Amino acid sequence: MISLFDNLPLPGLAGAGLPPLPAAVPPRDDDGTESGIPSGAPASDPVERARRRAAGGAGGGDGSDGARRPGLDPAALLEGLNPQQRAAVVHTGGPLLIVAGAGSGKTRVLTHRIAHLLATGQARPGEILAITFTNKAAAEMRERVGTLVGPAAGRMWVSTFHSACVRILRREHEVLGLRSSFSIYDAADSQRLMSLVCRQLDLDPKRYPPKTFSRKVSDLKNELVDPEEYARSVSESNPFDSALARAYALYNERLRQAHALDFDDLIMTTVNLLQAFPAVAEHYRRRFRHVLVDEYQDTNHAQYVLVRELAGVDRDQDGRADGDPGDLPPAELTVVGDADQSIYAFRGATIRNILEFEEDYPQATTILLEQNYRSTQNILSAANAVISQNPGRRAKNLWTESGDGPSIVGYVADSEHEEARFIAEEIDRLGDEHGVRPGDVAVFYRTNAQSRALEEVLVRTGIPYKVVGGTRFYERREIKDAVAYLRAVANPDDAVNLRRILNVPKRGLGDRAEAMLAAHAERERVSFGQAIADAAASGEERDTVPEVIGLTTRARNQVRAFHELLTELRDMETAGASPAEILDAALDRSGYLAELRASEDPQDATRVENLAELHAVAAEFAELDPEGGLGDFLERVALVADSDQIPDSDGVDQGQVTLMTVHTAKGLEFPVVFVTGMEDGTFPHQRSLTESDELSEERRLAYVALTRARERLYVSRAAVRTAWGMPQELPASRFLEDIPSELVDWRRAESSMETLRRGRGGSGGGGYGSGGFGSRSYGSGSYGSGSYRSGSYGGSGQDRDVRGGSGARSGPVRTGKLGVKETSARTGAADPAPRPAGEGIGLDVGDKVTHDSYGLGTVVGLEGAGSSAVAKIDFGGGQVKRLLLRYSPVTKL
DNA sequence: GTGTTGCATCTTTTT
DNA sequence: GATGCAACAC
């Protein structure tokens with residue numbers, strides 16, 4: 001009986017450089033025999049494990065099984081580990097929680113733990129499921145385990161939540177009524193579909209924005225709330241909620257008709273599958289005896305349940321109908337995470353999962369990893385100080401043996417351009433004086449839009465750089481168009497993608513034709529793809545096929561041509577053409593490429609290049625995985641992320657400075673890190689200022705940012721930053737003030753404006769008459785190469801003086817660390833005169849105001865309320881400014 | 001049916 | 001400042 005299990009076919013090892021594709025999943029013995037297997041030996045019994053292997057031999061001729069690999073010595077795997085790490089590696093038995101602070105060697109522990117399980121015979125490679133969040137993390141883990149245990153690592157499942165689910169769903173697609181080449185919709189596709197749905201339901205897009213609905217549906221799916229359940233829970237008197245309930249139901253129906261799953265479905269559907277089909281669940285539980293989850297703090301509810309289902313934790317409670325509860329013990333569960341690095345609550349991650357792990361799993365063991373192997377003590381002390389301000393947090397204190405290191409360098413610029421200039425000069429100087437290569441340097445920002453100013457300066461100074469993230473490759477229009485063609489080829493029912501390309505490039509099939517086809521599909525209860533086929537029917541077929549009414553002859557001819565194109569491409573696929581060849585044909589025969597080439601628009605030239613790159617990706621795919629079909633390629637494309645494109649740090653060349661958001665930076669490290677935009681309103685982000693939960697998340701984000709640095713850490717802010725096309729004045733980030741001042745060497749401690757204000761009678765009362773210094777002070781010319789620049793390179797004595805004065809820095813701008821919400825109306829420089837009681841800001845449209853720099857103006861609009869209130873003020877001469885009242889020196893007259 | 005213009009919104013963060 | 005969408009003109 002046991003051999004049945006042992007003889008599971010092994011996945012091929014083709015495409016060694018690539019993550020295994022779903023096709024590599026071993027077939028399942030699903031005739032029910034499995035459930036009848038008496039479990040003589042609990043999987044966790046090492047002796048039995050070893051015996052099995054010795055007796056049965058490894059299945060499928062895997063002479064390279066890890067345990068036979070010479071040199072895989074359990075004791076050797078423990079060398080160089082500290083006591084806590086070691087405990088985590090050797091732990092056996094119940095669930096294990098590893099609380100791993102930043103830089104504490106988490107991946108090392110995980111990989112060594114896996115290798116140790118194999119070396120001691122506690123597990124065979126095929127029994128291991130390791131789940132990460134990013135493909136990059138998965139690849140790294142696979143590679144590092146590979147170096148420890150050899151090719152046997154190829155038999156483990158090391159993948160992201162999403163791709164693990166796709167692998168499972170692909171195998172089980174029949175049970176779900178899906179074609180195996182089902183489409184995966186990304187956020188943009190989902191929104192498109194939601195727009196169609198909302199239009200069909202006649203919902204006013206102003207009151208019920210499809211985008212909001214799309215996000216809400218995503219949230220619901222992350223909570224495993226299906227449309228029926230949601231409809232039940234919603235009160236009909238609430239128009240928004242009931243509209244949402246209807247939209248959710250129709251949206252899901254449309255997805256199903258299109259044989260498509262959205263991102264959240266991948267998890268939710270897998271959970272549903274495992275819960276609804278005990279035999280399927282049992283198959284995976286038997287297979288995966290060790291489940292390891294990385295970044296556990298970022299799991300959402302659906303992922304949490306998925307882990308429980310896979311590990312078989314809840315078996316006894318929820319329904320093993322076969323009445324054989326003692327059969328299969330739960331898999332051994334290891335989760336690794338750090339609540340302080342949870343930065344994805346906004347998309348449903350719940351920090352609860354890690355905080356309450358011990359309650360969820362009463363037998364759990366917890367191991368804390370606090371020794372940091374990455375950063376200097378100065379950096380860690382700063383990070384600790386910032387994160388310690390978060391309420392309700394489990395105390396944790398990172399420490400290192402590597403010494404204090406250089407001071408953290410702080411810099412206050414007058415504008416984002418000045419900030420960028422400082423960074424560029426500093427990178428230059430570090431290169432000259434300390435041999436720092438551009439590749440050693442990373443610049444972080446809160447939002448992608450901030451990369452612009454940095455890029456401008458880097459281009460000008462000739463420092464090589466690379467922006468990671470931003471508008472992502474697979475979200476570019478031309479790429480989405482091209483991929484839509486491939487999706488439509490692979491999945492003829494994929495309505496969203498068919499509609500996307502129906503008139504791309506232009507073939508005279510506009511809204512009207514599309515509507516007619518959609519109406520036909522609805523009337524005849526067929527898919528949109530079938531409607532196209534019906535319209536294209538000609539000659540004899542015409543009699544057997546319902547007519548698509550309302551199409552002009554011309555439109556019908558165009559639809560026919562479109563349909564023929566798709567048919568040709570599908571024939572190519574059937575004939576075994578590679579994804580690259582199909583892509584080629586699609587772009588060529590549709591005329592898409594020709595249209596771009598003929599275009600005058602310089603942007604279109606870039607588009608052609610991007611398509612060439614996509615083609616290169618497809619060609620490379622075919623090379624590495626010759627067996628891979630169109631579906632495999634599309635799956636790969638659907639599940640890639642930005643962070644996957646981050647170059648590995650150990651390039652031989654000088655490399656490039658890496659620019660990215662803090663979110664993207666998670667899990668990475670750099671010798672030199674610049675954390676930019678440390679302003680209240682930028683980082684922490686504006687939208688987080690009023691919610692303490694969100695503020696906590698911002699703080700964790702700051703913690704992540706600071707702990708990326710190995711040796712040198714820079715924090716900088718700009719007193720004025722252009723956002724929404726308008727300059728805004730922003731005070732120092734509260735996170736800066738949390739950093740103990742003795743750790744920071746302020747190269748420049750306040751902005752020109754702040755210096756002037758202070759000089760003019762300062763923080764107290766009425767120094768805010770009409771502005772004597774105009775907008776000139778924002779320009780780059782008014783200070784620049786003068787005194788402080790040389791100061792910044794000069795002796796540190798002067799720096800110290802500046803730092804000494806930094807206490808005053810927060811004076812005029814923001815008072816203390818009081819709750820923002822309560823004090824916002826009265827804080828800030830904007831308050832020389834008492835404000836009228838009641839409405840916090842006391843401004844109305846039509847009021848006359850003065851502004852310290854812009855002079856006299858009239859309020860022409862008000863937006864937001866409380867601390868985020870913004871006024872649109874016309875200062876004459878076409879100057880209409882949007883000002884965040886809380887921080888703007890505006891006085892009502 | 002297509003192209004242009006003006007308007008609104010956008011700036012979190014991602015598998 | 002950019003992009004996408006809706007309304008309008010051709």
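As the structure is a prediction and not an experimental result, all values here were calculated from the model. Labels below follow one simple rule: chain letters A, B, ... track the order of the sequence lines, proteins then strands, and each chain is numbered from 1.
Comparing A/R199 and A/R452 by the nucleotide of DNA chain C that holds the closest heavy atom to each, the one mapping nearer the 5' end is A/R452. Nucleotides of DNA chain B nearest to A/R512 and A/T661 differ in position, and the one nearer the 5' end is that of A/R512. Residues A/A555 and A/K211 each lie close to DNA chain B; by heavy-atom proximity, the contact nearer the 5' end of the strand is made by A/A555.
For the residue pair A/Y185 / A/D494, a side-chain donor-acceptor distance below 3.5 Å is found, with atom types taken as modelled.
At the phosphate of B/dT14, OP1 or OP2 sits under 4.0 Å from a side-chain N or O atom of A/T664. Proximity of A/N222 to the phosphate of B/dT15: no side-chain N or O atom is located under 4.0 Å from OP1 or OP2.
Between the side-chain ring of A/F346 and the base of B/dT13, a stacking contact exists by the 5.5 Å and 30° definition. Centre separation under 5.5 Å together with a plane angle under 30° holds for the ring of A/F263 and the six-membered base ring of B/dT15, marking them as stacked.
What separates CG of A/L668 from P of B/dT14 is a distance of 12 Å, to the nearest Å. Taking atom CG on A/L196 and atom P on C/dC5, their separation rounds to 12 Å, with Å as the unit. A straight line from CE of A/M726 to C1' of B/dC10 spans 14 Å, rounded to a whole angstrom. Counting to the nearest Å, the C1' atom of B/dT9 and the CH2 atom of A/W724 are 11 Å from each other. Atom CG of A/D294 is separated from atom C1' of B/dT15 by 14 Å (rounded to the nearest Å). In this structure, A/L639 places its CG atom 10 Å from P of B/dT15, rounding to the nearest Å. Rounding to whole angstrom units, CZ of residue A/R215 and P of B/dT11 are separated by 12 Å. Following rounding to the nearest Å, A/M268 (CE) and B/dT15 (C1') show an atom-to-atom distance of 17 Å.
Environment of CG in A/D204: crowded, with over 12 heavy atoms of neighbouring residues, nucleotides or ligands closer than 6.0 Å.
B/dT11 and C/dA6 are spaced 23 Å apart, taking the C1' atom of each and rounding to whole Å.
Nucleic acid contact for A/A187: none, since no nucleic acid atom lies under 4.0 Å from a heavy atom of the residue. Nucleic acid contact class of A/N448 (heavy atoms, under 4.0 Å, all strands): sugar-phosphate only. Counting any heavy atom pair closer than 4.0 Å across all strands shown, A/N503 reaches sugar-phosphate atoms only and no base atom. When heavy atoms are screened at a 4.0 angstrom cut-off, A/Y344 is found touching the sugar-phosphate backbone but no base atom. Using a 4.0 Å heavy-atom criterion, one finds that A/H685 contacts the sugar-phosphate atoms exclusively.
The pair A/D294-A/K106 counts as a salt bridge, with a side-chain nitrogen and a carboxylate oxygen less than 4.0 angstrom apart. Ion pair A/D298/A/K666 flagged as a salt bridge, since at least one NZ, NE, NH1 or NH2 atom sits closer than 4.0 Å to an Asp/Glu carboxylate oxygen.
Side chain of A/A449, nearest nucleotide from B/dT2, B/dT15, B/dT11: B/dT11. Of all nucleotides listed (B/dT13, B/dT2, B/dT15), B/dT2 comes nearest to the side chain of A/K506.
With hydrogens and angles disregarded, no donor-acceptor distance shorter than 3.5 Å links the side chain of A/D264 to the backbone of A/K221.
Two rings, from A/F182 and A/H173, have their centers 6.0 Å or more apart.
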